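Inspection log for the structure reproduced underneath, given as structure tokens.
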Amino acid sequence: MNTKIIINKDLFSPHNERLLAVVQVKRRTKKKIPFLATGGQGNYLTYICLSVTEKKPFRVSITKVKQFYGQSDFVKRSQWTIDQLQQVNGMDSSKDCPEFDLSFDNTVDQWVASSAGDKCTFIQVLHYSCQRYCSEKKPEFVNCQAKLLGGNSILHSAADSVTSAVQKASQALNERGERLGRAEERTADMMNSAEQFAVTAHKLAMKHKC
């Protein structure tokens, strides 16, 4: 089963929360080491989770979740509200990279994500959530690629897909309507021709009969 689904089911759903995004991380060190899918420093995996309550007033949280090596359970550790987030540092605005920093009121966490793609998705969802849910001053996003700060670009992509599908369906119906219209015109012409032929044939028959 997908890790996000399991974490949501075990840790967030029971508290009427919904998991918006999750990224697997490890702390940055001066000497970079390959990312370990299991085990690793401290013999646990670390996930940064972004969640929102199901009911108003909405409360968005950033939670550090750990899974100790050899165990299937996930455990909540540190947690902050989105209003406590001061800054998100994407580390490089010119290209995808797995490193990022999260600065809160009293602490700064420096992370390396399991992949640049996972980090980018997390920051994109985080930025959108800040724009939508922050009740106070919004956090600063620095050294982030412009594509990540569209915030709702994921939603826009989905909306664009739906709009495109509707437009294609509408165009198909219009084209079908035009075809039906042309067919009706041809049918009407054929009926007129048939009527004229019948009238002409009747006149000829009456003429020869006389």
Side-chain angles (χ1 to χ4, degrees), residues 1-29 35-91 97-144 148-149 151-152 154-155:
M1 187 181 293
N2 183 279
T3 299
K4 180 180 178 181
I5 295 176
I6 297 174
I7 293 178
N8 185 57
K9 177 177 176 293
D10 292 350
L11 300 183
F12 294 97
S13 289
H15 300 284
N16 296 316
E17 292 181 89
R18 176 167 50 91
L19 190 59
L20 300 175
V22 59
V23 58
Q24 185 180 340
V25 297
K26 65 181 178 69
R27 291 195 179 277
R28 286 208 306 276
T29 58
F35 188 87
L36 302 179
T38 58
Q41 187 176 5
N43 291 323
Y44 56 77
L45 300 178
T46 302
Y47 299 87
I48 303 299
C49 301
L50 181 69
S51 63
V52 62
T53 52
E54 294 283 4
K55 297 180 180 180
K56 295 181 178 180
F58 296 118
R59 181 176 181 272
V60 181
S61 300
I62 298 173
T63 307
K64 190 185 303 179
V65 171
K66 293 186 182 296
Q67 182 185 35
F68 290 90
Y69 185 57
Q71 299 182 17
S72 59
D73 295 338
F74 295 90
V75 182
K76 284 185 179 180
R77 291 306 193 191
S78 305
Q79 187 175 65
W80 302 267
T81 66
I82 202 170
D83 289 323
Q84 293 176 297
L85 181 63
Q86 299 295 313
Q87 186 186 82
V88 178
N89 190 338
M91 307 308 293
C97 69
E99 295 87 359
F100 68 101
D101 292 350
L102 298 178
S103 300
F104 299 95
D105 291 341
N106 300 315
T107 186
V108 177
D109 282 337
Q110 298 178 321
W111 300 111
V112 179
S114 55
S115 73
D118 288 347
K119 168 241 179 163
C120 289
T121 299
F122 181 81
I123 289 183
Q124 190 173 43
V125 177
L126 177 58
H127 181 266
Y128 172 71
S129 300
C130 289
Q131 304 307 306
R132 180 176 181 183
Y133 296 111
C134 276
S135 58
E136 301 176 2
K137 182 180 177 181
K138 293 177 175 58
E140 182 184 19
F141 283 74
V142 299
N143 300 319
C144 294
L148 306 182
L149 304 184
N152 56 356
I154 295 175
L155 301 181

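The chain is numbered in sequence order, starting from 1. All values reported here derive from a predicted model rather than from experimental measurement.
With rounding to the nearest 0.5 Å, the separation of OG in Ser51 from CG in Leu19 is 6.5 Å. Atom NZ of Lys9 sits about 8.5 Å away from atom CD1 of Ile6, to the nearest 0.5 Å. The distance from atom OG of Ser129 to atom CG of Leu20, rounded to the nearest 0.5 Å, is 5.0 Å. Rounding to the nearest 0.5 Å places CZ of Phe100 at 9.0 Å from CG of Leu126. Annotation: the span from Asn43 atom CG to Phe68 atom CZ amounts to 9.5 Å, rounded to 0.5 Å. Atoms CD and OG, from Gln79 and Ser61 in turn, are 4.0 Å apart once rounded to the nearest 0.5 Å.
Listed here is the closest heavy atom pair of Phe74 and Leu11: O-CD2, 3.5 Å. The two residues Pro14 and Asn8 make their nearest non-hydrogen contact at CD-O, 4.1 Å. Taking every heavy atom of both residues into account, Gly90 and Cys144 meet most closely at N-SG, 3.6 Å.
Lys26 places no side-chain N or O within 3.5 Å of a backbone atom of Leu45 that could act as its donor or acceptor partner. With hydrogens and angles disregarded, a donor-acceptor distance shorter than 3.5 Å links the side chain of Gln84 to the backbone of Thr81. Between the side chain of Thr53 and the backbone N or O of Arg59, at least one donor-acceptor pair lies under 3.5 Å. Remark: side-chain polar atoms of Lys119 are paired, donor with acceptor, to backbone N or O of Glu99 under 3.5 angstrom.
Residues Val75 and Tyr44 are not in side-chain contact: their nearest non-hydrogen atoms beyond the backbone lie 4.5 Å or more apart. Proximity of Thr107 to Asp109: side-chain heavy atoms (C-beta onward) are separated by under 4.5 Å at one or more points. In this structure, Gln67 and Thr3 have side chains that are not in contact, with every pair of non-hydrogen atoms separated by 4.5 Å or more. Two residues are said to be in side-chain contact when any heavy atoms from C-beta on lie closer than 4.5 Å; Phe122 and Leu50 meet this criterion. For the pair Val65 and Thr46, the minimum side-chain heavy-atom distance is 4.5 Å or more. Residues Val23 and Trp111 have side chains not in contact (no heavy-atom distance under 4.5 Å, counting atoms from C-beta outward). When side chains are defined from C-beta on, Ile48 counts as touching Leu102, because their heavy atoms get closer than 4.5 Å. Proximity of Gln87 to Pro139: side-chain heavy atoms (C-beta onward) are nowhere separated by under 4.5 Å.
With salt bridges taken as basic N to acidic carboxylate O contacts below 4.0 Å, one links Lys76 and Glu17. The existence of a salt bridge linking Asp83 and Lys137 is excluded, since no basic side-chain nitrogen approaches an acidic carboxylate oxygen closer than 4.0 Å.
No side-chain N or O of Gln24 forms a donor-acceptor pair with one of Ser114 less than 3.5 Å apart. Remark: the Asp118 side chain and the Ser115 side chain contain an N/O donor-acceptor pair separated by less than 3.5 Å. For Gln86 and Ser103, the side-chain atoms include no donor-acceptor pair closer than 3.5 Å.
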Criterion side-chain contact (heavy atoms from CB on, under 4.5 Å) on Thr63 and Ser78, from CA distance to verdict
CA-CA 6 Å; Thr63 307; Ser78 305; over 6 Å; no

Could you give me the CA-CA distance, side-chain angles and deciding distance for Ile7 and Tyr47, then say whether side-chain contact (heavy atoms from CB on, under 4.5 Å) is met?
CA-CA 10 Å; Ile7 293 178; Tyr47 299 87; 4.2 Å; yes

Would you please test Trp80 and Leu85 for side-chain contact (heavy atoms from CB on, under 4.5 Å) and show each step?
CA-CA 8 Å; Trp80 302 267; Leu85 181 63; over 6 Å; no

Quick one: do Arg28 and Asp101 satisfy salt bridge (Lys or Arg N to Asp or Glu O under 4.0 Å)? Show the steps, please.
CA-CA 10 Å; Arg28 286 208 306 276; Asp101 292 350; 2.7 Å; yes

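For Asp10, there are no side chain to side chain donor-acceptor pair (under 3.5 Å) partners at least two apart in sequence or on another chain.
For Asp105, the CG atom is densely surrounded, since the number of other residues' heavy atoms within 6.0 Å is greater than 12.
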